[in-house]
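Below, all heavy atoms of this structure are taken into account, side chains as well, without hydrogens, waters or symmetry copies. For reference, positions follow the sequence shown, starting with 1. Everything numeric in this text was worked out from a predicted model, so none of it was measured.
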Amino acid sequence: MLDPVRILDHFREQAGWCEDLGSRFTAELLRAAADDFDTGGPVQSICGDWGGNPRKDALGLRLAGALHHATLGPDAPDLNAVYPAQNQAWSMETVWPIARNWLAANVDHTRAFMASPPQTNETRRALALLPGFLELAAKFDMPQHLLELGASAGLNQNWDRYAYKTASWSRPGDNDVVISSDWTGPTPAHLDAQPRIASRAACDLSPVDLSDPDAIRRLTCYTWPDQAERLARLRAAIALARDTGVGVEQADAADWIEAQLAVRPETGLTVVYHSVFLIYPPKEAIARIMSAIEAAGAAATSDAPVAWLSYESEALFGGSRDTPKMETRLQVWPGGAAQTLAQSDGHITKIEYFA
């Protein structure tokens, strides 16, 4: 059995991260859950025998997601009534007793729900990727073939259709999805560049089926309940994805990218991209993914170049393992060295652009 201290430490660490990312509700909920675990309440019944690494598995977010999921359906009216969507003047002193009672009455259901990892499909991450996409569009006057790893519901396949807005610059879109954040640094180069996208493909180990209302409910529940702007943007992005018909194949990412790169087009730019994905696969799978991309890069030609664009933890590329800092990296073959274009956090609450 996992050392209970590790679970307590994780819940409290995750609470701090949630607070830093602007969700006081989720922070206070996780602290209350930690106290309940420590005193032998239903949270201990649900999480006490967790078999994995609570931090890597995002155990606290699984529990918070289960509670939010309950409020998004018809079966927990008392809980829904005290959550932020219905009660902007919420207090955890009111919320937690009702949440605790719901957990106590639904231990088996909650454990089953928590068996699957969170999928937020955070559309704001498209803003972190945008400078790289713009640079590629300006550099290569050729069709682009996009391959996204860990795409969840595929919302960020529509990155080029979104509108972007910061205090210092904007880029129009043709729909209701507007990606905004605090921006530090110059205006992105090539802001008016228009990519010539010839194909889009994506994979996920457990893709979200946007034709299924239950799947949409589950995707929505991992967006924190007191962040109304994020929830509204997610719903608009889901509507756009349904309209544009983006698809995500169910596949192991290492198997999928090896197969895709083996048959990539003989002309045009192949772009492999992903955001906050490589923290989840096993180390062996991460190594296979990186090797497949690098091998395709080594075989790239001027007629069929390869680009690797990512927004991932800086720890994956030799940085600190003790902070939640993420960075945008772009590497192009033939011949290009990796560039670090920007850095931010998992939710892009603010972004620093370098180039």
Practice task
Any chance you could lay out the salt bridge (Lys or Arg N to Asp or Glu O under 4.0 Å) test for K325 and E327, step after step, and finish with the verdict?
Solution key: CA-CA 7 Å; K325 188 181 295 183; E327 61 183 25; over 6 Å; no
Problem - Side chain E122, main chain S275, donor-acceptor under 3.5 Å - result: no
Fill in the blank from the handout: CG (N158) and OG1 (T244) are apart, to the nearest 0.5 Å, by 3.5 Å
Problem - Interatomic spacing from OH in Y280 to CD in Q119 - rounded to 0.5 Å - result: 9.0 Å
Practice task
Verify the ring-centre separation between F25 and W224: is it less than 6.0 angstrom?
Solution key: no
Problem - Side-chain heavy atoms of W96 within contact of L103, under 4.5 Å - result: yes
Handout entry: Test: R111 and D49 ion pair at under 4.0 Å
Key = yes
Handout entry: A201 backbone acceptor or donor facing E249 side chain under 3.5 Å
Key = no
Practice task
Determine, for D9 against R55, whether the closest basic-nitrogen to carboxylate-oxygen distance falls under 4.0 angstrom.
Solution key: no
Practice task
Hey, could you give me the CE/CD1 distance between M326 and I348, rounded to the nearest 0.5 Å?
Solution key: 8.5 Å
Exercise for the section: Kindly indicate, with the supporting measurements, whether the criterion side chain to side chain contact (heavy atoms under 4.5 Å, CB included) is fulfilled by V306 and R264. Expected result: CA-CA 10 Å; V306 172; R264 68 186 182 91; 3.4 Å; yes
Handout entry: P118 side chain near R62 side chain, heavy-atom distance below 4.5 Å
Key = yes
Problem - Note, I289 side chain near W256 side chain (heavy atom, < 4.5 Å) - result: no
Practice task
Without swapping roles, check the side chain of D3 against the backbone of V5 for a donor-acceptor pair under 3.5 Å.
Solution key: yes
Handout entry: Approximate separation, where rounding is to 0.5 Å, of E135 CD and K139 NZ
Key = 7.0 Å
Problem - Check: S23/D226 side-chain N/O donor and acceptor closer than 3.5 Å - result: yes
Problem - Any I179 side-chain heavy atom under 4.5 Å of W159 side chain - result: no
Handout entry: Close side-chain approach of D160 to F133, heavy-atom, < 4.5 Å
Key = no
Problem - Parallel, tilted or perpendicular: rings of W308 and H274 (30°, 60°) - result: tilted
Exercise for the section: Would you indicate whether D176, at its atom CG, is surrounded by more than 12 heavy atoms from other residues, nucleotides or ligands within a distance under 6.0 Å? Expected result: no
Handout entry: Listed once per pair and sorted, the salt bridge (Lys or Arg N to Asp or Glu O under 4.0 Å) pairs that draw on residues 89-103, sequence neighbours left out
Key = D36-R100
Problem - From CD1 (I351) to OG1 (T328), nearest 0.5 Å - result: 5.5 Å
Handout entry: Heavy-atom donor-acceptor pair, S344 side chain to K350 backbone, under 3.5 Å
Key = yes
Handout entry: Minimal non-hydrogen separation, R124 against T349, with atom names
Key = NH1-CA, 4.0 Å
Problem - Flag side-chain contact, heavy atom, 4.5 Å: C203 against L149 - result: yes
Handout entry: N175 side chain to R161 backbone, donor-acceptor under 3.5 Å
Key = yes
Completion exercise
OH (Y311) and CD (Q343) are apart, to the nearest 0.5 Å, by 8.5 Å
Practice task
Kindly assign one of parallel, tilted or perpendicular to the pair Y353 and W183, based on the angle between their ring planes and the thresholds 30° and 60°.
Solution key: tilted
Problem - I197-F140 co-clustered via ILVMFWY side chain contacts under 4.5 Å - result: yes
Exercise for the section: Mark yes or no: R125 above the aromatic ring of F277, with NZ or CZ under 6.0 Å from the six-membered ring centre and no more than 45 degrees from the axis. Expected result: no
Problem - R6 (side chain) donor-acceptor with N53 (main chain) under 3.5 angstrom - result: no
